[in-house]
Amino acid sequence: MTVQGTSGQYDEYLEGYARILADASATGRRLTRSELDSRRALGEQAAEAGLGLRALVGAHMVATRAHWPAGDRVSVDDVLGAVAQAVDAFAEGYERAQRLAVRQEEAARREFIDDLLYGRSDLGRLAQRAERYGLRLSYEHAVAVARGTAAYEEGDTVLREVEHALIGRFGDRSILLTTKDGRLVCIAPGDQGEVLAHFAKQAFAATGGQVGIGRPQPGAAGVVQSYEEALNALDLGERLELDEPVLHAADLLVYPVLTRDRQAMADLVESALGPLRGARGGAQPLLDTLTAYFDSGCVAAEAARRLSLSVRAFTYRLERIHQLTGADPSDPVHRYTLQTAVIGARLLDWPAKPD
């Protein structure tokens, strides 16, 4: 059916409309199920063809005027009722196809992100899929991960707020912002550290949680490595009770080195700090004393303030540590061993979980 006043591109999506209009208007009946189904099917096809719904509704109005049923017994209400049913069914099919397309796109995007962050899939195919989302995996990329008090998913308000802030300042700049395991994840070119810095600022403001940033790494495998570094930075921040809002993996490289040989670290902790178990109240209070001492730059007065102790009481604790372990925390030679052991104790959750 070619309708005067419309371009031919809509004709196939108006197939049978004039007949339905005439038949339904003649008796004032409602459209049959098969007639409604035919309209929904045409609406789905139009959506899949990428045509705009507004223009399609306009084409129906033009067709209605061109094929207005003739006859004295045809009422305006009956005609408009048939038009309303037909257009509503058409729009329903159109919207159903769009929702399906959105779900399929979301599923494809989620599958790509999972493959990218876990290093799955063929690298060549992964690189092709990455270009669809603005990433060129032949370049270096860095990954930032933000955690908050809640688990976040695609479409959450927090994710949209952070995304708007990034796009508003940098445009798309080959940035991929998503969620993974309840955390916000930002992947950006490795030479654009300002993007991840701004992401960290916005994510911290939105979630109140820490942000870990991995180092720039080349290739698809580099994205995985940077992502894991960001996660490890968050894990270290939690275990070491670091209160900085942003943790850079590059600044924490000493800790993976210290824990690479877990058994050697456990032996050091037990050898250097094990005697603290003999103290009244166990090892934990004296371990807290050493932690505060080293975290305050070995300034006894500041460490005492952090523990809400008098300087005299704090000094007594240091002396007790010296008596039990044979190592003097104020001695530079002993201090290195004790401080390394204290770091190991925090990483191994000693003495709560003796290795």
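In this text, all values refer to a predicted model and were calculated from it rather than measured experimentally. Along the sequence shown, residues carry numbers from 1.
Looking at residues two or more places apart in sequence or on another chain, you find no side-chain contact (heavy atoms from CB on, under 4.5 Å) involving A22.
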Requested in this report: Would you check, one step at a time, whether the test side chain to side chain contact (heavy atoms under 4.5 Å, CB included) holds for L348 with M265?
Outcome: CA-CA 9 Å; L348 300 176; M265 177 57 74; 3.9 Å; yes

**Report entry** Worked verdict on Q45 versus L42 for side chain to side chain contact (heavy atoms under 4.5 Å, CB included)
**Finding:** CA-CA 5 Å; Q45 294 170 22; L42 289 171; 3.8 Å; yes

Query - Test side chain to side chain contact (heavy atoms under 4.5 Å, CB included) applied to Q217 and V143, step by step - result: CA-CA 9 Å; Q217 304 287 354; V143 182; over 6 Å; no

Query raised in the report: R277 and E270: salt bridge (charged side-chain N to carboxylate O under 4.0 Å, His left out), yes or no, with the steps?
Result: CA-CA 10 Å; R277 291 196 182 94; E270 186 60 36; 2.7 Å; yes

Requested in this report: Decide side chain to side chain contact (heavy atoms under 4.5 Å, CB included) for R110 and T178; before the verdict, give the C-alpha distance in whole Å, the side-chain angles of both, and the deciding distance to 0.1 Å.
Outcome: CA-CA 9 Å; R110 173 49 55 190; T178 185; 3.4 Å; yes

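Between A146 and F199, the closest heavy-atom pair is CB-CZ, 4.1 Å. Summarising the geometry of G278 relative to R320, their closest heavy-atom pair is O-NH2, 4.5 Å, with the distance given to 0.1 Å. Residues L287 and P351 approach most closely at CD2-CD, 3.9 Å, considering heavy atoms. The minimum heavy-atom distance between A55 and Y10, with the atom names listed, is CB-OH, 3.1 Å. Looking at every heavy atom in both residues, L338 comes nearest to A327 through CD1-CB, 3.8 Å. Of all heavy-atom pairs spanning V223 and H141, the tightest one is CG2-CB, 4.0 Å.
N232 and E228 share no donor-acceptor pair across their side chains, judged by distance under 3.5 Å alone. Using modelled atom types and a 3.5 Å distance limit, the side chains of T64 and Y17 yield a donor-acceptor pair.
Taken to the nearest 0.5 Å, the CG atom of L176 stands 5.0 Å off from the CG atom of L135. Note: R40 CZ to D88 CG = 8.0 Å, rounded to the nearest 0.5 Å. Taken from CD1 in I187 to OG in S174, the straight-line distance is 11.5 Å, to the nearest 0.5 Å. One finds the CD atom of E48 at 6.5 Å from the CD atom of E44 (value rounded to the nearest 0.5 Å). Interatomic distance, L309 CG to R317 CZ, rounded to the nearest 0.5 Å: 4.5 Å. Distance check: Q323 CD to I321 CD1 gives 10.5 Å after rounding to the nearest 0.5 Å.
More than 12 heavy atoms of other residues, nucleotides or ligands shown are found within 6.0 angstrom of CD on E244. Heavy-atom neighbours of E153 CD from other residues, nucleotides or ligands within 6.0 Å: at or below the threshold of 12.
Members clustered with I20: L31, L36, by chain and number, using a 4.5 Å side-chain heavy-atom cutoff among hydrophobic residues.
Contact annotation: the side chain of R129 approaches that of L126 to within less than 4.5 Å [non-hydrogen atoms, C-beta and beyond]. Using a 4.5 Å heavy-atom cutoff, the side chains of V83 and H60 are not in contact. By the 4.5 Å heavy-atom criterion applied to side chains, L177 and I167 are not counted as neighbours. Using a 4.5 Å heavy-atom threshold, the side chains of D349 and R239 count as separate. Between Y152 and V162 the shortest side-chain heavy-atom distance does not fall below 4.5 Å. For the pair L268/T337, a side-chain contact is recorded, criterion being any heavy-atom separation below 4.5 Å from C-beta on. You'll find the side chain of I113 stays beyond 4.5 Å of the side chain of V185, heavy atoms only. Side-chain contact between Y118 and K180 is present, with at least one heavy-atom pair separated by less than 4.5 Å.
Under a 3.5 Å cut-off, the side chain of Q210 and the backbone N or O of L242 do form a donor-acceptor pair. A donor-acceptor pair under 3.5 Å links the side-chain atoms of E229 to the main chain of R215, judged by distance alone. Judged purely by atom type and a 3.5 angstrom limit, E154 uses its side chain to pair as donor or acceptor with the backbone of T179. For S226 (side chain) and G222 (main-chain N/O), no donor-acceptor pair under 3.5 Å exists by modelled atom type. R147 places a side-chain N or O within 3.5 Å of a backbone atom of L234 that can act as its donor or acceptor partner. In this structure, the side chain of H322 does not engage the main chain of L318 through any donor-acceptor pair within 3.5 Å.
Under the 4.5 Å side-chain contact rule for hydrophobic residues, L80 and F90 share a cluster. In the hydrophobic clustering of ILVMFWY residues, with side-chain heavy atoms under 4.5 Å counting as a link, Y293 and V333 come out apart. No continuous path of ILVMFWY side-chain contacts below 4.5 Å connects V299 to F294, so the two sit in separate hydrophobic clusters. F204 is not connected to L236 by any chain of hydrophobic side-chain contacts under 4.5 Å among Ile, Leu, Val, Met, Phe, Trp and Tyr, and they are in different clusters. Each of L116 and V224 belongs to its own hydrophobic cluster when Ile, Leu, Val, Met, Phe, Trp and Tyr are linked at side-chain heavy-atom distances under 4.5 angstrom.
The residues E302 and R305 are annotated as salt-bridged, a charged nitrogen and a carboxylate oxygen being separated by less than 4.0 angstrom. Looking at R30 and E35, no side-chain N of the basic residue comes within less than 4.0 Å of a carboxylate O on the acidic one, giving no salt bridge. Looking at R33 and D37, no side-chain N of the basic residue comes within less than 4.0 Å of a carboxylate O on the acidic one, giving no salt bridge. Using a 4.0 Å cut-off between a side-chain N of Lys or Arg and a carboxylate O of Asp or Glu, R29 and D78 do not qualify as a salt bridge.
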